[in-house]
Amino acid sequence: MTEPLVRNHTEITLRLFREGARLQLRQKYNRMTAKVALALLAALAVLALLMWFLSGSFSALGMEAVLYVLILGWIRIALPRTECKRAYQAMVSRCGGGAPCRELLFYEDHLLVQPETEEAISIPYEAITAVRETKRTLTLSYTEGATVLLDKAGFLQGGVEDVRALLTGAGKGKASL
């Protein structure tokens, strides 16, 4: 096998994992929050109509609105954090209890991911469907629905610009680089 063009060593800490997963979870929970908000708004409207016709107390309506805001806040803030922590703990337990480490080797036409405890995975650049970038991470999603997290500070050879060039060279103009 030839020498890799870019080499990266990533130790996936909880902080790094959260940052990498944040955008993906935000998109998922934004949709969920919007659907739940519409349902709760409809329930609040029905309750307001009932209060109007039954000459009930509108203070109960205000308390109901506060409850709905709390539910939406839980969905938007607490639920993604809990899901992120649970996913990270599952990954840590699969790797024997420590922070998972992996070597990422970028070749001319594919990426080779070498986890510590599992078999290496070869991912052709054409299979990469999305690239998300944060301050410290680069997250590559590929066709199996899985993602590869890359620490920007973990480059041993090459850098982020080289990864971008390899991905765009493989026709990844649709990915947000």
Side-chain angles (χ1 to χ4, degrees), residues 1-38 75-96 98-177:
M1 184 178 278
T2 62
E3 280 294 308
L5 302 172
V6 178
R7 183 183 299 260
N8 181 283
H9 178 79
T10 298
E11 180 179 345
I12 305 173
T13 62
L14 179 58
R15 181 178 177 195
L16 197 69
F17 185 79
R18 275 191 181 137
E19 184 176 324
R22 186 178 303 138
L23 291 174
Q24 189 174 357
L25 288 173
R26 185 176 294 155
Q27 290 173 347
K28 175 183 175 181
Y29 284 102
N30 277 348
R31 288 189 297 271
M32 182 187 290
T33 303
K35 289 177 184 176
V36 171
L38 286 175
I75 290 172
R76 183 76 170 99
I77 297 168
L79 202 56
R81 287 184 183 182
T82 303
E83 182 177 338
C84 188
K85 189 172 183 179
R86 190 177 314 126
Y88 181 75
Q89 291 301 329
M91 183 173 46
V92 166
S93 67
R94 281 193 312 267
C95 294
C101 292
R102 46 193 62 153
E103 194 83 16
L104 298 126
L105 307 171
F106 291 83
Y107 294 93
E108 192 71 36
D109 60 346
H110 72 284
L111 161 66
L112 189 65
V113 181
Q114 294 181 324
E116 290 178 316
T117 58
E118 301 168 19
E119 277 191 43
I121 302 166
S122 179
I123 305 166
Y125 295 136
E126 294 80 29
I128 295 174
T129 57
V131 179
R132 294 178 190 90
E133 187 170 351
T134 65
K135 184 178 177 181
R136 289 182 292 273
T137 69
L138 200 62
T139 305
L140 310 173
S141 299
Y142 57 99
T143 52
E144 283 91 36
T147 58
V148 175
L149 184 65
L150 181 142
D151 183 0
K152 287 183 178 179
F155 283 99
L156 305 172
Q157 174 185 341
V160 177
E161 301 80 25
D162 299 318
V163 171
R164 285 190 193 111
L166 286 168
L167 294 175
T168 54
K172 289 285 123 212
K174 67 180 179 185
S176 56
L177 295 172

Side-chain donor/acceptor of D109 to backbone N/O of P124, under 3.5 Å: no

L167 and its side-chain contact (heavy atoms from CB on, under 4.5 Å) partner, picked from I128, D162, L138: I128

Write down the atom of V92, the atom of G98, and the distance for their closest heavy-atom approach. CG1-O, 3.6 Å

Should P4 and Y107 count as side-chain neighbours, where that means a heavy-atom distance under 4.5 Å? yes

For E103 and L112, run side chain to side chain contact (heavy atoms under 4.5 Å, CB included): C-alpha distance rounded to whole Å, both residues' side-chain angles, the deciding distance at 0.1 Å, then the answer. CA-CA 8 Å; E103 194 83 16; L112 189 65; over 6 Å; no

Enter the distance from L38:CG to T33:OG1 here, rounded to the nearest 0.5 Å. 11.0 Å

Looking at L149 and T10, what are the two nearest heavy atoms and their distance? O-CG2, 3.8 Å

For the residue pair Y125 and L111, what are the closest heavy atoms and their distance? CE2-N, 3.8 Å

At their closest point, which heavy atom of A21 faces which heavy atom of C84, and how far apart are they? CB-SG, 4.2 Å

In Å and rounded to the nearest 0.5 Å, what is the CG to NZ distance from N8 to K152? 11.5 Å

What distance separates L166 CG from T168 OG1, expressed to the nearest 0.5 Å? 8.0 Å

Between R86 and M91, is a side chain to side chain contact (heavy atoms under 4.5 Å, CB included) present by the stated rule, with each step listed? CA-CA 9 Å; R86 190 177 314 126; M91 183 173 46; over 6 Å; no

Least distance between heavy atoms, H9 atom then C101 atom: CE1-CB, 3.9 Å

Applying side-chain contact (heavy atoms from CB on, under 4.5 Å) between L105 and each of H110, E3, Q114, report the one that passes. Q114

Hey, are the side chains of Q157 and V6 touching, using non-hydrogen atoms and a 4.5 Å cut-off? no

Hey, mind stepping through L150 and T137 against side chain to side chain contact (heavy atoms under 4.5 Å, CB included) and telling me if it holds? CA-CA 6 Å; L150 181 142; T137 69; over 6 Å; no

Please list every donor-acceptor pair under 3.5 Å in which a side-chain atom of residues 12-19 meets a protein atom from a residue at least two apart or in another chain.
unit_1 : atom_1 : unit_2 : atom_2 : d
T13    : OG1    : L16    : N      : 3.2
E19    : OE1    : R136   : NE     : 3.0
E19    : OE1    : R136   : NH2    : 2.7
E19    : OE2    : T134   : OG1    : 2.5
E19    : OE2    : K135   : N      : 3.2
E19    : OE2    : R136   : N      : 2.7

Would you indicate whether the side-chain heavy atoms of F106 and V163 approach each other to under 4.5 Å? yes

Check salt bridge (charged side-chain N to carboxylate O under 4.0 Å, His left out) between E11 and all other residues, then give those that pass, not counting sequence neighbours. none

Closest non-hydrogen atoms of S141 and T147, given as atom of the first, atom of the second and distance, are OG-CG2, 3.3 Å

Test side chain to side chain contact (heavy atoms under 4.5 Å, CB included) on V148 and T139 and set out the steps. CA-CA 6 Å; V148 175; T139 305; over 6 Å; no

